[in-house]
There are 2 protein chains.
Amino acid sequence: MKFDAVELRLMPAKSDDRRRNDPDRTKADILDVATQEFAANGLAGGRVDAIADRTRTSKRMIYYYFGSKKGLYLAVLERSYRQIRTLEADLELAHLPADEALRVLISTTFDHDEAHPEFVRLVSIENIHSAAHMRRSDVIRDLNVSIIETIAQIIDRGVTEGIFRRHPDAIDVHMMISAFCFFRVSNRHTFGTIFRRDLSAPDLKSRHRGMIADAVLSYLMSAERG
Amino acid sequence: MKFDAVELRLMPAKSDDRRRNDPDRTKADILDVATQEFAANGLAGGRVDAIADRTRTSKRMIYYYFGSKKGLYLAVLERSYRQIRTLEADLELAHLPADEALRVLISTTFDHDEAHPEFVRLVSIENIHSAAHMRRSDVIRDLNVSIIETIAQIIDRGVTEGIFRRHPDAIDVHMMISAFCFFRVSNRHTFGTIFRRDLSAPDLKSRHRGMIADAVLSYLMSAERG
DNA sequence: GTCTATAAAAGGATAGAC
DNA sequence: GTCTATCCTTTTATAGAC
């Protein structure tokens, strides 16, 4: 009799229940799955049912926490942007020579897009929607974009040191870098199909990482129109 | 009596009926509207009803001619690709100096993407679907991509003439050019929102057109790793 | 080849118990 | 906070007359 009672108390039922009732954990779980679903199929193509099925929780909870499909999509988008902005803000490049600093920054952007194709896809999807959701999101619109400040300082420094002969707009330079890194991932499938080339292959990856850095640097180092 | 008969023959009723029953005209009409609809809302987001409503014909005819929503989408995609390939194939650059030829080619790509945002959007959408439809389409996969041959010849010529000091892969150069031109249009909305900049403004357009050309040329003209 | 009406299915959202 | 069952709108697709 005593023995039976002890065994009952040792069962892990209660601890499991607490875990299941943790709101932050539930929300994060939903966001993880939703990120994959929307990145894979778009906003219209993504299925709330499919998300619920792959979650520890139910569809009801998605509506409970996020209100609607679009509310969930926006939460996914906000979280993804917060992550890349944090990464950019953590760069410490002030102690490096201008050209070295720029190479590190380009590699960081390049590697981020390579490592996070789901972010690249979400941004593509949001552009299909003309950035309508992002525009309404204070969170995203007001995320500090320190990368422009970083690039501006590098360009200034390079010009002062005499390494760079051009002095272009920092946002333009950021766009040039972003375009190349982003396109490689965003257009991987159509470009790869048409030109019969696997853009995810490791040798192409390292060649392209060097290529974009060389292109940006030779642009900055060359004389106007040459 | 004679007079009346002549007047009857001149009435345009019959000719109108023929026009309405012209299959090619009907198909082209459907494709025009479908291109706009899919480019605006994606494959899942695009509505067959919405297409039918903006067409001279009915929904029944869309299924009659194209079989399914996906069949229509694929037809739209095939037609868009055929158009840009035709444009590229018409370029006559052999008589120009290598650097001039490259500038013309870059401007052509740049202006094409600017003038055809619906094409850019369709390609973005097809990438969200991992190019699944394009892959199955013999028409698109086998469209001759003469642009690579064109770029390869320009690079060879530039190196022979001593203008270029690098000799990169032609597909890589094409990717570098495409990436910049494409990104400016495909990511116009998110990039514009975040950096508070209107990428469709005329002054930015011409500045960027020159910038991408300068970047590619200074890359080709610079020494390895410099 | 073309139209109207309708079937059939999918998918977003919610009711109500616990 | 969480679950099951279900409503109801939207949307793809087709039947059948002309």
Participant: May I have the distance from A:I62 (atom CD1) to D:dG1 (atom C1'), rounded to whole angstrom?
Facilitator: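 Atom CD1 in A:I62 sits about 15 Å away from atom C1' in D:dG1.
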
Participant: Got a list of protein N/O to nucleotides 12-14 of chain D N/O distances below 3.5 Å?
Facilitator:
unit_1 : atom_1 : unit_2 : atom_2 : d
D:dT12 : OP1    : B:G46  : O      : 3.2
D:dT12 : OP1    : B:K69  : NZ     : 3.0
D:dT12 : OP2    : B:V48  : N      : 3.2
D:dA13 : OP2    : B:Y63  : OH     : 3.0
D:dA13 : OP2    : B:K69  : N      : 3.1
D:dA13 : N7     : B:K59  : NZ     : 3.4
D:dA13 : N6     : B:K59  : NZ     : 2.7

Participant: Within this structure, what is the CG-to-P distance between A:D53 and D:dA5, rounded to whole angstrom?
Facilitator: 14 Å

Participant: Residues two or more places apart in sequence or in another chain: which of them pass side-chain hydrogen bond (donor to acceptor under 3.5 Å, both in side chains) with A:S186?
Facilitator: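 side-chain hydrogen bond (donor to acceptor under 3.5 Å, both in side chains) check on A:S186 returns nothing, list empty.
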
Participant: Rounded off to whole Å, could you give me the NZ-to-P distance for the A:K27 and D:dG1 pair?
Facilitator: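 Rounded to whole Å, this separation is 8 Å.
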
Participant: Please, which pairs that meet ring-ring contact (aromatic ring centres under 6.0 Å, His included) have at least one residue in residues 35-70 of chain A, sequence neighbours excluded?
Facilitator: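 Qualifying pairs: A:F38-A:Y73.
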
Participant: Not counting sequence neighbours, list each pair that qualifies as a side-chain hydrogen bond (donor to acceptor under 3.5 Å, both in side chains) and has a residue in residues 104-113 of chain A.
Facilitator: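 Output for this query lists A:D111-A:R209.
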
Participant: Work out how much the helix from C:dG1-D:dC18 to C:dC18-D:dG1 bends between its end axes, five pairs an end, to the nearest 10 degrees.
Facilitator: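 Inter-axis angle at the termini of the helix from C:dG1-D:dC18 to C:dC18-D:dG1: 10°.
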
Participant: Test: side-chain hydrogen bond (donor to acceptor under 3.5 Å, both in side chains). Region: residues 141-151 of chain A. Which pairs qualify, not counting sequence neighbours?
Facilitator: A:D138-A:R141

Participant: Does B:T57 make a side-chain N or O approach to OP1 or OP2 of C:dC3 shorter than 4.0 Å?
Facilitator: yes

Participant: Once side-chain hydrogen bond (donor to acceptor under 3.5 Å, both in side chains) is applied, do any residues pair with B:S200, and if so which ones, sequence neighbours excluded?
Facilitator: B:D198

Participant: Using the ring centroid of each side chain, check whether B:Y81 and B:F119 are separated by less than 6.0 Å.
Facilitator: yes

Participant: CD1 of A:I51 versus C1' of C:dA13: gap in Å, rounded?
Facilitator: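 In whole Å, C:dA13 C1' lies 14 Å from A:I51 CD1.
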
Participant: Under 4.0 Å, heavy atoms only, any strand: does A:Y65 hit a base, just the sugar-phosphate, or nothing?
Facilitator: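 A:Y65: backbone/sugar contact only, no base atoms under 4.0 Å.
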
Participant: Check the distance between C:dG1's C1' and B:F66's CZ and give it to me in whole angstrom.
Facilitator: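 Rounding to the nearest Å, CZ of B:F66 and C1' of C:dG1 are 14 Å apart.
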
Participant: Sort and list the pairs that fulfil side-chain hydrogen bond (donor to acceptor under 3.5 Å, both in side chains) and have at least one residue in residues 34-48 of chain A, not counting sequence neighbours.
Facilitator: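 For residues 34-48 of chain A, and leaving out neighbouring residues, the side-chain hydrogen bond (donor to acceptor under 3.5 Å, both in side chains) pairs sorted by first residue read A:E37-A:N41, A:E37-A:R54.
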
Participant: Ignoring backbone atoms, establish whether B:S58 has a side-chain N or O less than 4.0 Å from OP1 or OP2 of C:dT2.
Facilitator: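 False: B:S58 side-chain N/O out of range (4.0 Å or more) of C:dT2 OP1/OP2.
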
Participant: Distance check needed: C:dG1 C1' versus B:R56 CZ, whole Å only.
Facilitator: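 B:R56 atom CZ is separated from C:dG1 atom C1' by 16 Å.
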
Participant: Over how many whole Å does the gap from B:I30 atom CD1 to C:dT2 atom C1' extend?
Facilitator: 11 Å

Participant: Would you check if B:R136 and B:L74 make a side-chain contact, meaning some heavy-atom pair closer than 4.5 Å?
Facilitator: no

Participant: Write down the distance between CZ (A:F38) and P (C:dG11), rounded to a whole number of angstrom.
Facilitator: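 Spelled out: CZ on A:F38 to P on C:dG11 is 13 Å.
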
Participant: How would you list all residue pairs meeting salt bridge (charged side-chain N to carboxylate O under 4.0 Å, His left out) that involve residues 117-130 of chain B, not counting sequence neighbours?
Facilitator: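 Pairs touching residues 117-130 of chain B that pass the test: none.
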
